[in-house]
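Take a look at the structure below.
Since the model is a prediction, treat every value here as computed from it, not as a measurement. Atoms considered below: every heavy atom in the structure, side chains included; atoms not considered: hydrogens, waters and symmetry mates.
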Amino acid sequence: MRVLVVGAGAVGGYFGGRLLEKGVDVTFLVRERRKKQLQERGLVIHSVHGDAVLSPKLLVTGEQAEPFDVVIFSNKAYHLPEAIRDAKPYVGEATMILPLLNGMAHMDMLWKEFGKDNVLGGLCFIETTLNENGEIVQTSVSHDVRFGEWSGERTERVLALEQLFSGCKARFRLSEHIEIDMWNKYLFIATMSGVTTLFRAPIGPIRSGEYGQEIVGGLLREIAAVMQAHGAPLTEEMVDQQLAQLNKIEAAMKSSMQRDMEKGQLIEADHLQGYLLSLAKQYEIETPLLKVVYHNLEIYKKRA
């Protein structure tokens, strides 16, 4: 199987690199600047799970190549339209599309562009970034990918994908309930990124303050109510589990959106909290805390 990873950033570069390290036929679709950097330095991974220096196959938009068996999208949501445009020439009728983006709004766009049958569900759990030299720095115990058919079926193609991914230095897991997994993660990161960006602090001081539990729990339940109204397969037990997880994670933990704000970078506010607010309006659900979170993010976007 031939795999195309769209971009070679912190997420795609890491997971694509781990597959390449195993011996999978991986190509990275990159810009000219990133191509030059990778040709000069290699794809460098610094990780708690082991370092690697790799020499990847590279493709620049517009260059000729046969359709790939799998195309992995791991870019930020605000880059998705151009990523789709760049990848389209390399997608055939049987190409599997595997998105590792946060949230859910991207699924409609991918279904529209590639057809619902071609798009798998997917998500990842990882803390990783690029340093000033374009090297991947991965620091979390988690370096996990989940993928699966939207229907939950163990089809021949996802079983083949499971076999392809097995044995590399990252955890790729086939899920029979990927839609539930994706909504669950969305609930967690929308809440986590919401409160940490609002208070410009890691989760510990936020949840331990006098009003911390009321604010964190209130935002989480507002978001869950919107998701449930939209038909997301979330139970009250799952909501309680997510709140327990937010109270259990390391006190110094920051969200990736908060780290992006600290660097003055673009953020996924529209894709995450903004999308939820549009659903809240559609279903006439009051979300006062979510509005405060999004208003804060909008102010940042205008200043950045």
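- For Glu153 against Val158, the heavy-atom pair with the smallest separation is O-CG2, 3.9 Å.
- Between Arg200 and Met261 there is a side-chain heavy-atom pair separated by less than 4.5 Å.
- When every heavy atom of Leu98 is checked against every heavy atom of Gly121, the shortest pair comes out as CD1-O, 3.7 Å.
- Taking the six-membered ring for Trp and the full ring otherwise, Tyr78 and His271 have centroids separated by 6.0 Å or more.
- Inspection of the Gln138 and Ser140 side chains reveals an N or O donor paired with an N or O acceptor under 3.5 Å.
- For the residue pair Gln213 / Asn247, a side-chain donor-acceptor distance below 3.5 Å is found, with atom types taken as modelled.
- Using a 4.5 Å cut-off on side-chain heavy atoms (C-beta onward), Trp111 and Trp150 make contact.
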Using a 3.5 Å cut-off and no angle test, enumerate the donor-acceptor pairs between side-chain atoms of residues 52-63 and protein atoms at least two apart in sequence or in another chain.
{"unit_1": "Lys57", "atom_1": "NZ", "unit_2": "Asp25", "atom_2": "OD1", "d": "2.7"}
{"unit_1": "Glu63", "atom_1": "OE1", "unit_2": "Val60", "atom_2": "N", "d": "3.1"}

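- Judged by distance alone, the side chains of Gln273 and Ser193 do bring a donor and an acceptor atom under 3.5 Å apart.
- Shortest non-hydrogen contact noted between Ser255 and Thr197 is OG-CG2, 4.3 Å.
- Side-chain contact between Arg18 and Glu21 is present, with at least one heavy-atom pair separated by less than 4.5 Å.
- Using a cut-off of 4.0 Å between Lys/Arg side-chain N and Asp/Glu carboxylate O, Lys254 and Glu262 are scored as salt-bridged.
- Using modelled atom types and a 3.5 Å distance limit, the side chains of His79 and Glu82 yield a donor-acceptor pair.
- Looking only at side-chain heavy atoms (C-beta outward), Ser278 and Lys281 stay at 4.5 Å or farther from each other.
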Tabulate below the donor-acceptor pairs under 3.5 Å that side-chain atoms of residues 215-223 make, not counting sequence neighbours, or state none.
{"unit_1": "Arg221", "atom_1": "NH1", "unit_2": "Glu236", "atom_2": "OE1", "d": "3.4"}
{"unit_1": "Arg221", "atom_1": "NH2", "unit_2": "Asp240", "atom_2": "OD1", "d": "2.5"}
{"unit_1": "Glu222", "atom_1": "OE1", "unit_2": "Leu289", "atom_2": "N", "d": "3.2"}
{"unit_1": "Glu222", "atom_1": "OE1", "unit_2": "Leu290", "atom_2": "N", "d": "3.0"}
{"unit_1": "Glu222", "atom_1": "OE2", "unit_2": "Leu289", "atom_2": "N", "d": "3.1"}

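- The existence of a salt bridge linking Lys35 and Glu40 is excluded, since no basic side-chain nitrogen approaches an acidic carboxylate oxygen closer than 4.0 Å.
- Electrostatic pairing of Asp86 and Arg31 counts as a salt bridge here, judged by a charged N lying under 4.0 Å from a carboxylate O.
- For Asp181 and Arg146, the salt-bridge test passes: some basic side-chain N is under 4.0 Å from an acidic carboxylate O.
- Under the 4.5 Å side-chain criterion, counting only non-hydrogen atoms from C-beta, Glu176 is in contact with Arg154.
- Relative orientation of the His143 and His49 rings is parallel, given thresholds of 30° and 60° on the angle between their planes.
- You'll find the side chain of Ile72 stays beyond 4.5 Å of the side chain of Phe147, heavy atoms only.
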